[in-house]
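Worth knowing before you read on, the calculation uses all heavy atoms, side chains too, and leaves out hydrogens, waters and symmetry mates.
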Amino acid sequence: MVHNIDVAKILYEVADLLELQGVGFKPNAYRNAARNIESMTKELDEYRKTNNLRDIPGVGEAIAKKVEEILATGRLHYLDELKQQLPAGLLQMVEVPEIGPKTALHLYKELKITDVQELKVAAEHHRIRSLKGFGERSEERILHGISLLEKRSGRMLLGYAYPVAERVREYVAEHAQLKLISLGGSLRRMKDTIGDIDILAGSNDVKKVMDSFTSYPEVDEVVERGPTKAVVRLKDGTQVDLRVVEEEAYGAALQYFTGSKDHNIKLRSLAIDKGWKLNEYGLFKKDLTEVVARRTEEDIYKALGLKIMPPELREDRGEIEASLNGTLPNLIELNDIKGDLHVHTVASDGNATMEEFAWACKKKGYEYLGITDHSYGLRVTDGLSVERLRGNIDIAHNVAKRVDGLKILIGAEVEILEDGSLDYPGDVLRELDFVIGAIHSKFNMDSDAMTKRVLTAISNEFLTILAHPTGRKLEQREPYPIDLEKVMLAAKSAGVCLELNAFPERMDLNDVNCRMAKEIGVKIAIDTDSHSIPQLDYMFFGVATARRGWLEKEDVLNTLSLKELVSFLSA
DNA sequence: GCCGTTTTCGGCCCGACTGTTTTCAGTCG
C-alpha cells in the first residue's frame with residue numbers, strides 16, 4: 001500500500017525540481033498539496049473511497065490525477081521526466097547554505113557544475129568569481145557553506161535542542177536585563193526536530209541585546225549582524241538567530257517568528273480580508289499609518305477574530321478554522337500527568353535503581369510509577385528471566401515500604417515476537433500489574449506481515465500498552481511499514497493503549513498519528529522510556545508532542561488518578 | 001498548479017541581510 005507520506009515525498013520532490021528550473025508558483029502549489037496530504041489523519045487509499053481527492057485543500061485537477069497515479073503505481077511519470085531534465089546533484093547543491101535554486105541553476109548553465117563536489121573544486125580554483133554577480137567573497141562563502149554541510153548531520157532533536165536554546169535565552173536575558181525574550185520558530189512550536197534556534201527579544205536598547213548575544217561563551221562564529229538581527233553559530237554547530245524588536249511590537253514579532261509559515265500566511269489573508277496588513281511589526285490599517293494591534297500575541301489574534309492558540313497548534317492544520325468556530329481543543333498540560341509507565345531500572349539496561357526512580361517520581365508529584373524492564377528475549381539489554389522478573393516484584397514491595405504516597409506498578413516491556421506472541425507466558429503476564437508490548441527486532445517485514453504481527457499482540461488479553469508503535473528513530477531509522485489505522489481500530493476495540501514514547505530519538509507516535517488516534521478513539525499513554533533519572537524530564541516533550549496532536553487530558557491514560565488507573569487496569 | 005462572495009483570470013506573505021552592486025537579486029526564515 002502507498003502511504004500518504006510516500007505521496008507527499010514525491011510531490012515535495014516535484015516541487016524542488018520545478019523550483020530548480022526557475023518555475024514560479026507551481027513549486028508552492030505542489031508543496032502545499034504535499035503538506036496537506038502529509039498531515040491528513042486518514043490514509044488516501046481509504047479517503048478516496050468516500051471523498052474526492054480534490055476536496056483536500058491544495059489539491060486540484062492536475063495534482064489529483066498525479067496522486068491517483070502514485071496510489072496506483074507507487075511512482076509518478078512526471079517526476080521521472082523532471083529528473084531527466086536536470087542533474088540530480090543540483091538538488092544537493094541547494095542544500096549548501098547560501099546556495100539557492102537560482103544560484104545552482106546559474107552555476108550549472110554557466111560552468112557546467114552538476115554537484116557539490118564539482119562546486120567545491122570550482123570555488124577552490126577561483127572559477128566562480130569570473131561570473132557576473134559573484135566575487136571573491138562568494139567563493140569563500142560557498143566553501144564555508146560546503147564545509148558546514150559536510151559537518152552537519154541533519155536536524156536536531158527537540159529534547160536536545162531545547163535546553164541548549166534555553167541556556168542562550170537565559171544568558172541574553174540576564175546580561176541585557178530583558179523581560180521580553182522568548183524562543184520562537186519550530187522550537188516554540190515544539191516540533192520533534194529543529195533546524196535552528198530562533199530567539200526573539202523586545203528591547204529599546206538593541207545594541208546591548210546584540211552585544212550580549214554575540215558574547216555568549218559558546219559562540220564560535222558571528223555569521224551575520226545587522227541592525228535588528230544577528231546570527232551566530234555555536235561551537236557544536238548549532239545556528240542561533242536573534243531578532244530584536246521594540247517593546248511595543250513584541251507581540252506581533254513573537255507571533256510572526258513563531259510561525260509556522262503556513263499558519264502566518266493564513267493569518268495574513270485573514271488580515272487582508274479585513275482590509276488590514278499583518279507583518280512582524282504589527283497589524284495595521286492598509287496604509288500603515290494606524291496600528292490595529294501589536295503589543296501582545298493575544299491582541300493580534302483577538303483583532304483578527306480569533307482566540308489565541310498554543311504555539312503547538314500553529315501548523316495550519318485546521319486550528320484557525322477551529323478558533324473561528326470555537327472548537328479549539330483544551331490541550332493536555334504537563335500538570336495533568338499523574339505518573340510515568342515506562343522506565344528501565346538497573347535490573348535490565350537502566351542505570352538507576354527502582355528506589356531512585358520512585359523517589360524522583362514522588363518528587364515530581366506523581367501518584368504512580370510503572371516499572372517496565374525488558375523481557376528475556378531482548379538479550380542486549382540483559383532482559384529479565386521469569387525468575388528475575390519475580391525478583392523485581394519483591395524489590396517493589398520493599399521500595400513501597402520506604403517510599404510512601406507513590407504506588408509502584410510492576411510491569412514489563414515484553415518483546416513482540418515475529419509471530420505476534422509475547423515473550424513471557426500468560427501465567428507470568430497475569431502476575432503483572434500491566435504489560436507493555438514492543439518490537440525491537442525483525443523490522444524488515446512487509447506491511448501486511450508487520451500489521452498482522454502487531455494485531456496478534458493486541459489480541460493478547462494481557463497487553464495494556466503498545467510501545468513506540470511505528471519503531472522510528474529520528475534521523476536514524478524510518479518507521480517500519482505498518483497499517484496504523486488498522487492497528488488503532490483493533491487497539492480501540494481491545495481496550496489497548498498506544499504509546500507516545502517521549503524519548504527524543506523516538507517521539508513515537510508522532511503528532512499527526514496522535515491526532516489520528518484521538519479521532520479513532522484510542523487512548524494514548526505518554527511515557528518517557530527513561531533509563532536514568534534525568535530522562536524522566538522527557539515527559540515535558542512528550543506532552544508537547546501530544547499537544548501538537550490536539551490531545552486533551554481525557555485522551556491520555558496517565559492523566560488518570562491512581563484509583564482510576566487501577567480500575568482501568570483491572571477492567 | 002490552485003483558488004475564488006472584489007471569482008474563471010490574475011494573483012500567489014513579507015521583510016532582513018549580504019554581496020556585488022550604484023539599485024538589486026538571491027537567500028533565508
Side-chain angles (χ1 to χ4, degrees), chain A residues 11 14-15 18-37 53-67 78 82 93-107 128-142 144-145 184-189 191 194-200 206 210 222-231 239-245 249 252-253 255-284 288 316:
Chain A
L11 296 180
V14 169
L18 286 173
E19 189 160 69
L20 213 44
Q21 297 196 344
V23 177
F25 303 109
K26 275 198 209 183
N28 275 340
Y30 275 94
R31 259 179 218 129
N32 192 25
R35 208 177 45 76
N36 284 316
I37 287 173
L53 288 178
R54 297 192 54 179
D55 297 340
I56 302 164
V59 177
E61 194 186 337
I63 293 185
K65 228 171 139 185
K66 293 187 171 73
V67 171
Y78 179 54
L82 285 173
M93 272 169 65
V94 176
E95 297 293 307
V96 176
E98 316 282 332
I99 302 269
K102 295 269 164 43
T103 311
L105 191 64
H106 190 59
L107 291 169
I128 292 175
R129 64 180 66 174
S130 59
L131 293 182
K132 190 171 182 297
F134 291 82
E136 204 174 318
R137 287 281 293 134
S138 311
E139 287 176 344
E140 283 171 23
R141 269 189 323 141
I142 287 171
H144 187 55
S186 53
L187 202 48
R188 183 161 181 246
R189 301 198 312 280
K191 271 191 74 168
I194 306 294
D196 58 23
I197 293 171
D198 293 304
I199 298 178
L200 176 75
V206 179
M210 290 287 191
V222 177
V223 180
E224 202 175 289
R225 179 168 173 163
T228 68
K229 179 186 173 187
V231 178
Q239 182 174 308
V240 189
D241 295 11
L242 173 78
R243 270 296 282 272
V244 189
V245 298
Q255 193 292 310
Y256 178 89
F257 288 109
T258 298
S260 69
K261 191 174 151 186
D262 301 294
H263 176 89
N264 286 356
I265 287 173
K266 195 157 269 183
L267 280 194
R268 261 176 240 133
S269 57
L270 277 185
I272 292 167
D273 288 347
K274 293 185 187 292
W276 297 335
K277 180 188 170 73
L278 177 63
N279 61 25
E280 63 255 61
Y281 302 109
L283 183 59
F284 301 94
L288 294 180
D316 189 23

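Using atom C1' as the reference point in both dT20(B) and dT27(B), the two lie 15 Å apart (nearest Å). On the C1' atoms, dC12(B) is 15 Å away from dT7(B), given to the nearest whole Å. To the nearest whole angstrom, the two C1' atoms, one in dT18(B) and one in dT22(B), are 15 Å apart. Between dC28(B) and dT23(B), the distance separating the two P atoms is 25 Å to the nearest Å. Rounded to the nearest Å, the gap between the C1' atom of dC9(B) and that of dC14(B) is 24 Å. A distance of about 13 Å separates the C1' atoms of dT21(B) and dG26(B), rounded to the whole Å. Comparing the P positions of dT6(B) and dC2(B) gives a spacing of 24 Å, expressed to the nearest Å.
Listed by chain and number, the residues in a side-chain contact (heavy atoms from CB on, under 4.5 Å) with Asn32(A) are Arg35(A), Asn36(A) (sequence neighbours excluded). Tyr281(A) pairs by the ring-ring contact (aromatic ring centres under 6.0 Å, His included) definition with nothing, not counting sequence neighbours. Looking at residues two or more places apart in sequence or on another chain, you find no side-chain hydrogen bond (donor to acceptor under 3.5 Å, both in side chains) involving Glu224(A). Qualifying salt bridge (charged side-chain N to carboxylate O under 4.0 Å, His left out) partners for Arg188(A), counting only residues two or more places apart in sequence or in other chains: Glu297(A). Scanning for salt bridge (charged side-chain N to carboxylate O under 4.0 Å, His left out) contacts around Glu140(A) gives Arg137(A), with sequence neighbours left out. With sequence neighbours excluded, no residue forms a salt bridge (charged side-chain N to carboxylate O under 4.0 Å, His left out) with Arg54(A). The side-chain hydrogen bond (donor to acceptor under 3.5 Å, both in side chains) check on Tyr256(A) picks up nothing, with sequence neighbours excluded.
In a base pair of the Watson-Crick type (N1 to N3 plus N6-O4 or O6-N4) or a G-U wobble (N1-O2 and O6-N3), with each distance short of 3.5 Å, dT8(B) is matched with no nucleotide.
Taking atom CG of Leu20(A) as the reference point, atom C1' of dT27(B) lies 14 Å away to the nearest angstrom. Glu224(A) has its CD atom 5 Å from the C1' atom of dC17(B), to the nearest Å. Atoms CD1 (Ile265(A)) and P (dG15(B)) sit 13 Å apart, rounded to a whole Å. Here dG15(B) presents its P atom at 11 Å from CZ of Phe257(A), a figure rounded to the nearest Å. What separates CG of Asp262(A) from P of dC14(B) is a distance of 15 Å, to the nearest Å. Rounded to whole Å, the distance from CD1 on Ile199(A) to P on dG29(B) is 15 Å. If you measure from atom NZ of Lys26(A) to atom P of dC2(B), you get 9 Å, rounded to the nearest angstrom. The CG atom of Leu131(A) sits 12 Å away from the P atom of dT20(B) (whole-angstrom rounding).
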Is there a side-chain contact (heavy atoms from CB on, under 4.5 Å) between Glu280(A) and Arg243(A)? Walk through the geometry before answering. CA-CA 11 Å; Glu280(A) 63 255 61; Arg243(A) 270 296 282 272; 3.2 Å; yes
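Distances shorter than 4.0 Å separate none of the side-chain N or O atoms of Tyr30(A) from OP1 or OP2 on dC12(B). Using a 4.0 Å cut-off, some side-chain N or O of Asn279(A) falls inside it from OP1 or OP2 of dG15(B). For Lys261(A) and dC28(B), the shortest distance from a side-chain N or O to OP1 or OP2 is not below 4.0 Å.
Nearest-nucleotide positions on DNA chain B for Thr228(A) and Ala104(A) put Thr228(A) closer to the 5' end. Between Ala64(A) and Arg243(A), the one whose closest nucleotide on DNA chain B sits nearer the 5' end is Ala64(A).
Here the nucleotide nearest the side chain of Lys229(A), chosen from dG15(B), dG19(B), dA16(B), is dA16(B). Each of dG29(B), dA16(B), dG1(B) was ranked by its minimum atom distance to the side chain of Tyr256(A); first place goes to dG29(B). In the set dG19(B), dA16(B), dG29(B), dG19(B) carries the atom at the smallest distance from any side-chain atom of Ser138(A). Of all nucleotides listed (dG29(B), dC2(B), dA16(B)), dG29(B) comes nearest to the side chain of Asp241(A). You'll find that the side chain of Asp196(A) is closest to dG29(B), out of dG29(B), dG1(B), dG15(B). In this structure, of dC17(B), dC14(B), dC2(B), it is dC2(B) that holds the atom nearest to the side chain of Ala62(A). For Ala29(A), counting side-chain heavy atoms from C-beta on, the closest listed nucleotide (dG1(B), dG19(B), dC14(B)) is dG1(B). Among the nucleotides dG19(B), dG1(B), dA16(B), the one closest to the side chain of Ile63(A) is dG1(B).
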So which protein N/O to nucleotides 23-26 of chain B N/O distances come out below 3.5 Å?
from: dG26(B); atom 1: O3'; to: Thr103(A); atom 2: OG1; distance (Å): 3.0

Polar pairs (N or O, both sides) under 3.5 Å between protein and nucleotides 3-11 of chain B?
from: dC3(B); atom 1: OP1; to: Gly58(A); atom 2: N; distance (Å): 2.7

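In this structure, the separation between CG on Leu105(A) and CD1 on Ile99(A) is 12.0 Å, given to the nearest 0.5 Å.
Of all the heavy atoms in His106(A) and Lys132(A), the pair that sits closest is NE2-O, 4.2 Å. The heavy-atom pair separating Ile63(A) from Ala29(A) by the smallest distance is CD1-O, 4.0 Å.
Taking the O4'-C1'-N9-C4 or O4'-C1'-N1-C2 dihedral as appropriate, dT6(B) has a value more than 90° from 0 and is therefore anti.
We find that the ring of Phe25(A) and the base of dC12(B) stack, their centres lying under 5.5 angstrom apart and their planes tilted less than 30°.
In this structure, Glu136(A) reaches the sugar-phosphate backbone alone: every heavy-atom distance under 4.0 Å involves primed, P, OP1 or OP2 atoms, never a base. Within 4.0 Å (heavy atoms only), Lys66(A) reaches sugar-phosphate atoms of the nucleic acid but no base atom.
Taking a 6.0 Å sphere around CD of Gln21(A), one finds it holds more than 12 heavy atoms contributed by other residues, nucleotides or ligands.
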